[in-house]
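The structure presented is a predicted model; accordingly, all values stated were derived computationally and were not measured.
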Amino acid sequence: PVQKGVTSAQQSEQVLGALKAADPEVTLRRTEFVGPQVGEELVHGGLMALGVVVLGIVIYLAFRFEWKFGVAAVIANLHDVVIILGFFAFFQWEFSLAVLAGVLAVLGYSVNESVVIFDRIREAFRKYRKMNTHEVIDHAITSTMSRTIITHASTEAVVLSMFFFGGPSLHYFAL
């Protein structure tokens with residue numbers, strides 16, 4: 001990280017000296033510094049991407065079902081994003097574009113699950129007219145439970161494979 005009172009050239013020389021101590025064959029090809037501006041751009045771009053995805057989900061579900069379903073899905077599924085971001089903030093894990101892609105993948109995955117449940121709710125309302133709303137929703141969730149468990153287990157196997165065998169580039173994405 002950038003150090004106070006040290007120029008970028010001095011810091012570059014310090015890093016090169018440490019690397020040459022480990023391996024005298026090391027050569028410097030170029031020097032690049034990433035400052036706080038890049039972090040601000042990542043935050044701004046990430047929030048914009050998240051906002052566009054959420055808006056797209058609401059519009060899609062509004063057309064597919066009703067606008068209430070879209071709002072409900074976003075509210076229900078944003079907690080996944082909040083929990084992930086909370087863990088990254090609490091443990092001070094590195095947040096990169098790969099992590100942002102992972103967060104958006106989780107949001108899309110959660111919305112897919114919601115779409116399946118909403119579809120079952122719509123079917124149940126037509127099929128079981130004597131049930132009240134609470135019973136219809138309970139039935140829809142219960143009827144998708146085995147599918148959900150199988151889907152989540154197979155996805156978790158892939159994510160664990162990426163986490164343990166994917167190397168540093170996939171570590172935080174899988175996390």
Between E13 and K20, is there a side-chain N and carboxylate O pair less than 4.0 Å apart?
-> no

Partners of H171 by side chain to side chain donor-acceptor pair (under 3.5 Å), sequence neighbours excluded?
->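 In terms of side chain to side chain donor-acceptor pair (under 3.5 Å), with neighbours along the sequence ignored, H171 is linked to no residue.
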
In terms of hydrophobic clusters joined by side-chain contacts under 4.5 Å, are [X] and [Y] together?
X: I75; Y: W67; answer: yes
X: F118; Y: Y60; answer: yes
X: L19; Y: L28; answer: yes
X: F90; Y: L85; answer: yes
X: F88; Y: V106; answer: yes

Say whether S96 and Y172, considering side chains only, have a donor N or O and an acceptor N or O under 3.5 Å apart.
->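 Side-chain D/A pair, S96 to Y172: absent.
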
Shortest non-hydrogen contact from [X] toward [Y]:
X: Q11; Y: V6; result: N-CG1, 3.7 Å
X: Q10; Y: G5; result: OE1-O, 4.2 Å
X: E94; Y: V99; result: O-CG2, 3.7 Å
X: G70; Y: V58; result: O-CG2, 3.9 Å
X: F173; Y: A101; result: CE1-C, 3.8 Å
X: A49; Y: L104; result: CB-CD1, 4.1 Å

For the [atom1] atom of [X] and the [atom2] atom of [Y], what is their distance to the nearest 0.5 Å?
X: R120; Y: K127; atom1: CZ; atom2: NZ; answer: 9.5 Å
X: I83; Y: L78; atom1: CD1; atom2: CG; answer: 11.0 Å
X: I121; Y: D138; atom1: CD1; atom2: CG; answer: 10.5 Å
X: T144; Y: I149; atom1: OG1; atom2: CD1; answer: 9.5 Å
X: L175; Y: I84; atom1: CG; atom2: CD1; answer: 9.5 Å
X: T155; Y: L160; atom1: OG1; atom2: CG; answer: 11.0 Å

So, S143 side chain and A140 main chain: donor-acceptor pair closer than 3.5 Å or not?
-> yes

Minimum side-chain heavy-atom gap [X]-[Y] below 4.5 Å:
X: T148; Y: I117; result: no
X: F163; Y: E156; result: no
X: K130; Y: E135; result: no
X: F65; Y: V115; result: yes
X: R64; Y: R122; result: yes

Under a side-chain separation threshold of 4.5 Å, the hydrophobic residues clustered together with I150 are none

W93 CH2: over 12 foreign heavy atoms closer than 6.0 Å = yes

Would H139 and F125 count as a close aromatic pair, with their ring centres under 6.0 Å?
->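 Judged by ring-centre distance (under 6.0 Å), H139 and F125 do not meet the cut-off.
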
Contact list for residues 73-91, test side-chain hydrogen bond (donor to acceptor under 3.5 Å, both in side chains), sequence neighbours left out |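 For residues 73-91, and leaving out neighbouring residues, the side-chain hydrogen bond (donor to acceptor under 3.5 Å, both in side chains) pairs sorted by first residue read N77-S114, D80-S110.
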
